Number of protein chains: 2
Amino acid sequence: MPPALLSRDEAIDRLMLAIRRHGYDGASLAELSKATGLGKSSLYHHFPDGKDDMVRAVLGRLEEQLTATIFEPLAGAGTPRRRLEAMAETLDAFYRGGREACVLANLALGSTRKRFRKPLRRIFEAWIAAIAGLLTEAGLPETLARARAEDAVLRLEGALVLAAAFEDPTVFGRTLRQLPAELLAPSKG
Amino acid sequence: MPPALLSRDEAIDRLMLAIRRHGYDGASLAELSKATGLGKSSLYHHFPDGKDDMVRAVLGRLEEQLTATIFEPLAGAGTPRRRLEAMAETLDAFYRGGREACVLANLALGSTRKRFRKPLRRIFEAWIAAIAGLLTEAGLPETLARARAEDAVLRLEGALVLAAAFEDPTVFGRTLRQLPAELLAPSKG
DNA sequence: GTCTATAATAGGATAGAC
DNA sequence: GTCTATCCTATTATAGAC
């Protein structure tokens, strides 16, 4: 009766990384087993419904992490500018400067699109709403704030796609760096 | 000895659509067989190395199509503004207003990233170069032209990710609509 | 150039011991 | 909670007839 080798959260983090790198369909149970150091049966012990359960756990944990490290800080203390820069730093670490892909994009594009659409929607929506909230607080009209927030998220996702395609992460860093200023630029209206 | 049911190009188009919808790993031979109307053995007759061959054919054809319908027209006749609007219209049709995903993004993010990195790079690079060329022709400094071109492509890819995640294609249309004006905006330098 | 049939393997999932 | 062993289906791939 060997003890649990990893905490549940640590196991989920490793599952997330495997799915970011291989996609849902590309991440076989053998891969996921190797990634976590758990045998297939152990994975099924923790996630009885198999890969679907694992992805639900991954998305749940991701939502927690993003809420704590991105969404809430965006509504927190500090100038709007500083808070956006903090978001950029957190994202830079999470995506390892553009070297790691986004699990959300992978799940949204692949064969799993429909299966996980609710959590995908909710996470992206929370992200956009958090940025838009900050921008309205900073004085932008609500419609413009919402449009810019959506544009920001979409650019980050696109930058990760290009970084993966070019095998050159720098495009992600460039995108990250110009975000705060562009988001806060005064309305032309 | 039944005759060929589809032209090669028509078969490749259908393979492309299947991969856009299911991803590389999600598109099984059974799916691809159904998508083309060809039996598995017929697929292997046309693409002896299996799915890898099919993807190479898909990327080859995509490069041809994009060159003829996007890249070359960007360097063609008409005002820069009109040419960018023509690109937007072509993209709107190709991605069905945001309802169909991008095969490039799917291949860049999934388990296939390394396997097809050369054609992926080449296609994205050609696209960016074509837009940057138009922008320099329109009077923008080269560095800015390149940066804006990269940003445009990355936004389109990101918009397709968000459209898939939200199951709401309109974000792609919004992105498409604002591109020409933003790309041609006078340099602030 | 297409098909049916069949192999060979990988993938997902389970049983039962410890 | 983990493991080894096993099962079954899906998937890739091939052979050979027409």
Side-chain angles (χ1 to χ4, degrees), chain A residues 1-59 61 103 106-107 110-116, chain B residues 1-59 61 103 106-107 110-116:
Chain A
M1 212 186 276
L5 295 177
L6 298 171
S7 74
R8 180 178 171 86
D9 279 351
E10 175 65 18
I12 294 174
D13 283 344
R14 297 192 184 198
L15 291 173
M16 196 189 303
L17 198 53
I19 293 169
R20 290 167 79 178
R21 290 178 178 171
H22 306 290
Y24 178 88
D25 294 295
S28 67
L29 280 182
E31 283 280 348
L32 299 172
S33 177
K34 203 178 70 178
T36 54
L38 264 47
K40 293 184 192 179
S41 300
S42 299
L43 284 175
Y44 274 93
H45 174 76
H46 295 287
F47 309 100
D49 283 348
K51 284 168 76 174
D52 274 38
D53 253 6
M54 301 181 209
V55 170
R56 277 188 284 269
V58 161
L59 288 175
R61 176 149 170 77
V103 69
N106 246 316
L107 292 172
S111 65
T112 48
R113 187 174 35 234
K114 302 214 163 178
R115 218 177 319 175
F116 304 113
Chain B
M1 211 186 277
L5 295 177
L6 298 171
S7 74
R8 181 178 171 87
D9 279 351
E10 175 66 18
I12 294 173
D13 284 344
R14 297 192 183 197
L15 292 172
M16 196 189 305
L17 198 55
I19 294 169
R20 291 168 78 177
R21 289 178 178 172
H22 306 290
Y24 178 88
D25 294 295
S28 67
L29 281 181
E31 284 279 349
L32 299 172
S33 176
K34 203 178 69 178
T36 54
L38 263 49
K40 296 182 193 178
S41 300
S42 300
L43 284 175
Y44 275 95
H45 174 76
H46 294 287
F47 309 100
D49 282 348
K51 282 168 76 173
D52 274 39
D53 254 6
M54 299 182 210
V55 170
R56 276 188 284 271
V58 162
L59 289 175
R61 176 148 170 78
V103 67
N106 245 316
L107 292 172
S111 64
T112 48
R113 187 174 33 233
K114 304 214 163 181
R115 218 177 318 175
F116 303 113

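In what follows, every chain begins at residue 1, and chains take the letters A, B, ... in the order their sequences are listed. Bear in mind that the values here come from a model prediction, so they are computed numbers and not experimental data. Computed over heavy atoms, backbone and side chain alike; hydrogens, waters and symmetry mates excluded.
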Short N/O separations, protein against nucleotides 12-16 of chain D, under 3.5 angstrom:
| from | atom 1 | to | atom 2 | distance (Å) |
| --- | --- | --- | --- | --- |
| D:dT12 | OP1 | B:Lys51 | NZ | 2.9 |
| D:dT12 | OP2 | B:Leu29 | N | 2.6 |
| D:dA13 | OP2 | B:Tyr44 | OH | 2.6 |
| D:dA13 | O5' | B:Tyr44 | OH | 3.0 |
| D:dT14 | O4 | B:Ser41 | OG | 3.1 |
| D:dA15 | N6 | B:Ser41 | OG | 2.7 |

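- In this structure, A:Thr112 contributes its side chain and A:Leu107 its backbone to a donor-acceptor pair below 3.5 Å.
- In this structure, B:Leu32 and B:His22 have side chains that are not in contact, with every pair of non-hydrogen atoms separated by 4.5 Å or more.
- Using a 4.5 Å cut-off on side-chain heavy atoms (C-beta onward), B:Asp52 and B:Phe116 make contact.
- What separates CD of A:Glu31 from P of C:dA13 is a distance of 16 Å, to the nearest Å.
- From B:His46, atom NE2 reaches atom CD1 of B:Ile12 across 10.0 Å, with rounding to the nearest 0.5 Å.
- Rounded to the nearest 0.5 Å, atoms NZ (A:Lys40) and OG (A:Ser28) are 7.5 Å apart.
- Look at CG on A:Leu38: it is 16 Å from P on C:dA13, rounded to the nearest Å.
- For the pair B:Arg56 and B:Asp49, the minimum side-chain heavy-atom distance is below 4.5 Å.
- Distances shorter than 4.0 Å separate none of the side-chain N or O atoms of A:His45 from OP1 or OP2 on D:dT2.
- Distance B:Leu43 CG to D:dT11 P: 15 Å, rounded to the nearest Å.
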